[in-house]
Amino acid sequence: MATNYDVARIFLEIAEALELSGQDPYRVRAYRNAARTLLSLEEPLAEIRRRGELLSLPGIGESLAAKIAEILDSGRLRQHDELMEHFPPGVAAMMHVPGVGPRTAQTLFRELGLTSVEELEHAAREGRLRALKGFGAKTEANILQNIARLRTRRQRIPLARAYPLAQQVIHLLRAAAPVRDIEAAGSLRRMTEDVGDIDILVTSDDPAAVMAAVTRLPFVQRVLATGPTKTSVLSEQDVQVDVRVVAPENFGAALQYFTGSKEHNVKLRTLAVRQGLKLSEYGIFRGDTRLGGATEEEMYRPLGILMYPPELREDRGEIERGLAGVPPDFVEERHLRGDLHVHTNASDGRASLRAMVEAARERGFTYVAISDHSPARGNARGLSAARLRAQAREIRALNRELTDITILAASEVDIRRDGTLDYPDDVLAELDLCLASVHSAFNLSREEQTARLLRAIDSPFLDIIAHPTGRLVGTRDPIELDMRRVMTAAAAHEVALEINSWPERLDLNDAHILLARELGVPLVIDTDAHAPEHFDNLKFGVATARRGWATPADILNTIPLSQLLPRLRRNRLRKAA
DNA sequence: GCCGTTTTCGGCCCGACTGTTTTCAGTCG
């Protein structure tokens, strides 16, 4: 049976082939929109079809519904087969080379018979491209360079790398040029887990000086383009950085526009057109009258739409809610009263108990759970039961000394391969709070891994599952899980799932958080700090929670300790009984 | 190919930069 992904891939290939054949771009877009819908579905298409609800999916009409049915029934689509005969997959692949779009790929295919990136590279090396109309030596050289770049570059840059680089650019430009406002836009501002490039917006009295300064940034490997308002450079680590200078009165318009997402903007502009308004990066207009654009709010207000924060702008319903006048009410850093996952140098942390608690206190937290590793984490100096008890005594002593923060004696206990926890129950019973997580056997089957977590959730002592999928963005895949089953069990047992703030983890991710809220699973946002400065990572966890539409009420550690402790105790008693 | 509190037909977001053009097409975001 064809999966949702299979159907989406066929639609995407059709879109590319139609683009190559010079078809109506809106028809092309219809296939891409449909693919996007399919990729976001929770449920198999076959189920939706069985219920006769294909037509209720956004972007699916009579024609595409019939094509989905054909693919589900036969595993293929005649239209797709025919298109692939006319345009071999390699021809579409040439469009992945930057600077080669559908028209160029079509010309290369028709005039030179090129059917793959390899053949394109060969032809460029032999100087055969410049014979074509509209091609020159420079185009040829660019294509070669871009093919080389395509081969070496990492497809997406994890937020963990992109965010610090963007901050660096901002600091360096402030120092090197007369910059007034400067802000990162793009997917970085929306805090997606990885980004394609870095977009920086600037206002300045001397745009030319800013553009020049960008080309001279210390990490610039190559200047890709530079004009009076936009400069694109490639960093040494192959990250593209785009810097745009805009007039101060347009800053809000540009920020809104370049923050996106593309889908959010398309919908917004479509609504604007219906109201006789026009949006661009230069403002919002009725005819020739400019209604605003200095701030982002000015871009939404004339449309009668409440502005939602950048993390929400993914066209997941935020525009409709803003239009209906429902104000945004999402979790912010200031709502968090405590951190429930913190390490010390007793296991693999870098700082002492006292130093970590002090850092948490300075941050404004009124409680903090110290959760070092259990014995199974030998390489992280996991605590024996005796050391864990000694730490608990140390915590009680410190609690008598400190007045404005309370320390919880906790542990991040390993979930063993079989789903049992890495301390005996009598030890777990002594803890104020118990987190558990998977640090081993990442490649069990979906069934085994699901059973493993379900068994852990059954433990009467478990309060929180930390970084539930174990994924590392761009490095390690999440463990295979039937997330819906795990979450249903977690909701039933009132076990919370963590949103881990490490930018490499962001685990749960936004899609899981949306599902957790739907299923009524309690959530916590933790830093998993291993050093005092790691509390700064909280912003990534909070942003991810917002991407999952989490409100303060969804997040357990927004409540005061006086409410949290009884809840933990009650839960433990209920589960033991 | 989709879609509708302007429309069941005629819309579907818009501007900057590049290269090769002597006025603009193609690509990108």
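Just so it is clear: chains get the letters A, B, ... in the order the sequence lines come, proteins before strands, and each one is counted from 1.
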Check your understanding: Looking across every strand, which nucleic acid part, if any, lies under 4.0 Å from A:Lys133 by heavy atom: base, sugar-phosphate, or nothing?
Key -> nothing
Point to revise | Distance-only side-chain donor-acceptor flag, A:Asn142 / A:Thr139, under 3.5 Å | key: no
Exercise for review: Please name all residues satisfying salt bridge (Lys or Arg N to Asp or Glu O under 4.0 Å) with A:Glu314, sequence neighbours left out, ordered by chain then number.
Suggested key: A:Arg190, A:Arg547
Point to revise | Between A:Phe540 and A:Trp502, ring centroids under 6.0 Å | key: no
Determine all donor-acceptor pairs shorter than 3.5 Å in which one atom belongs to a side chain in residues 98-111 of chain A; sequence neighbours excluded.
residue, atom, partner, partner atom, Å
A:Gln106, NE2, A:Leu20, O, 3.2
A:Thr107, OG1, A:Arg103, O, 2.9

Point to revise | Given B:dT18, B:dT27, B:dC13, the nucleotide with the shortest approach to the side chain of A:Arg29 | key: B:dC13
Practice item. Have a look at A:Val28 and say if it touches a base, only the backbone sugar-phosphate, or nothing, with a 4.0 Å heavy-atom cut-off. Key: nothing
Check your understanding: Which value, in whole Å, describes the distance between the P atoms of nucleotides B:dT27 and B:dT20?
Key -> 14 Å
Review point. Where the side chain of A:Tyr31 is concerned, which of B:dG1, B:dC12, B:dC14 is the nearest nucleotide?
Key: B:dG1
Review point. OP1 or OP2 of B:dC12 sitting under 4.0 Å from any side-chain N/O of A:Thr270?
Key: no
Point to revise | Distance-only polar pair, side chains of A:Asp329 and A:Thr551, donor-acceptor under 3.5 Å | key: no
Review point. With both distances under 3.5 Å as the test, what is the Watson-Crick or G-U wobble partner of B:dT8?
Key: none
Study note, to complete from the structure: Here the distance between atom P of B:dT27 and atom CG of A:Leu20, to the nearest Å, is 10 Å
Practice item. Report yes if a side-chain nitrogen or oxygen of A:Tyr26 is closer than 4.0 Å to either non-bridging phosphate oxygen (OP1 or OP2) of B:dC9; otherwise report no. Key: no
**Study point:** Atom-to-atom span, CZ of A:Arg244 to P of B:dC28 - whole angstrom
**Key:** 14 Å
Exercise for review: Determine the minimum heavy-atom distance between A:Ser280 and A:Ala253, stating which atoms define it.
Suggested key: O-CB, 3.8 Å
Review point. Between A:Lys67 and A:Tyr31, does any side-chain donor sit less than 3.5 Å from a side-chain acceptor?
Key: yes
Check your understanding: Could you state the CG-C1' distance from A:Leu279 to B:dC12, rounded to the nearest angstrom?
Key -> 15 Å
Review point. Considering only B:dT20, B:dC28, B:dG1, which nucleotide approaches the side chain of A:Thr139 most closely?
Key: B:dT20
Exercise for review: Looking only at side-chain atoms of A:Lys230, point me to the closest of B:dG15, B:dC17, B:dC28.
Suggested key: B:dC17
Study note, to complete from the structure: Within residues 292-327 of chain A, those residues having any heavy atom closer than 4.0 Å to DNA chain B are none
Exercise for review: For B:dA16 and B:dC9, measure between their P atoms and round to the nearest Å.
Suggested key: 37 Å
Point to revise | Out of B:dG1, B:dT6, B:dG15, whichever nucleotide has its closest atom nearest the side chain of A:Arg274 | key: B:dT6
Review point. Looking across every strand, which nucleic acid part, if any, lies under 4.0 Å from A:Arg103 by heavy atom: base, sugar-phosphate, or nothing?
Key: sugar-phosphate
Check your understanding: Between B:dG1, B:dG19, B:dC14, which nucleotide has the shortest distance from any of its atoms to the side chain of A:Arg269?
Key -> B:dC14
Revision key, fill the gap. Comparing nearest nucleotides in DNA chain B, the 5'-proximal residue of the pair A:Lys262, A:Gly136 is A:Lys262
Check your understanding: If you look at every strand shown and take non-hydrogen atoms under 4.0 Å, does A:Leu268 touch a base, only sugar-phosphate, or nothing?
Key -> nothing
Point to revise | Whichever of A:Leu57 and A:Gly276 has its nearest DNA chain B nucleotide further upstream toward 5' | key: A:Leu57
Practice item. Considering just the side-chain nitrogens and oxygens of A:Asn142, establish if one lies under 4.0 Å of OP1 or OP2 belonging to B:dG19. Key: yes
Exercise for review: State whether a side-chain donor-acceptor pair under 3.5 Å links A:Thr203 with A:Arg180.
Suggested key: no
Check your understanding: Rounding to the closest angstrom, what is the interatomic distance between B:dG26 and B:dT21 at atom C1'?
Key -> 12 Å
Point to revise | Integer-rounded Å distance: B:dC28 C1' and A:Asp199 CG | key: 12 Å
Point to revise | B:dT18 to B:dT23 separation - C1' atoms, rounded to the nearest Å | key: 15 Å
Review point. A:Lys138 has an atom NZ; how far is it from atom C1' of B:dA25, in whole Å?
Key: 18 Å
Check your understanding: Can you check the A:Arg32 CZ to B:dG29 C1' distance for me, whole Å?
Key -> 14 Å
Practice item. Give one of base, sugar-phosphate or nothing for A:Pro25, where a contact means two heavy atoms less than 4.0 Å apart. Key: nothing
Practice item. Indicate, with a heavy-atom threshold strictly under 4.0 Å, whether A:Phe258 touches base, sugar-phosphate, or nothing. Key: nothing
Practice item. Apply the test side-chain hydrogen bond (donor to acceptor under 3.5 Å, both in side chains) to residues A:Glu119 and A:Thr115: give CA-CA distance (whole Å), side-chain angles for both, the deciding distance (0.1 Å), then the verdict. Key: CA-CA 7 Å; A:Glu119 289 176 18; A:Thr115 59; 3.1 Å; yes
Check your understanding: Base, sugar-phosphate, or nothing for A:Ala137, non-hydrogen atoms under 4.0 angstrom?
Key -> sugar-phosphate
Review point. Have A:Glu263 and A:Asn33 got a donor and an acceptor in their side chains that come within less than 3.5 Å?
Key: no
Check your understanding: Across the strands shown, which category fits A:Ser232 at heavy-atom distances under 4.0 angstrom: base, sugar-phosphate, nothing?
Key -> nothing
Review point. Is any side-chain N or O of A:Tyr257 under 3.5 Å from a base N or O of B:dG29, one able to act as donor and the other as acceptor?
Key: yes
Point to revise | P gap between B:dC12 and B:dT7, integer Å | key: 15 Å
Review point. When the distance from CD of A:Gln145 to C1' of B:dT18 is rounded to whole Å, what number comes out?
Key: 14 Å
Review point. When you measure from the side chain of A:Ala30, which nucleotide among B:dC2, B:dG26, B:dC17 comes out closest?
Key: B:dC2
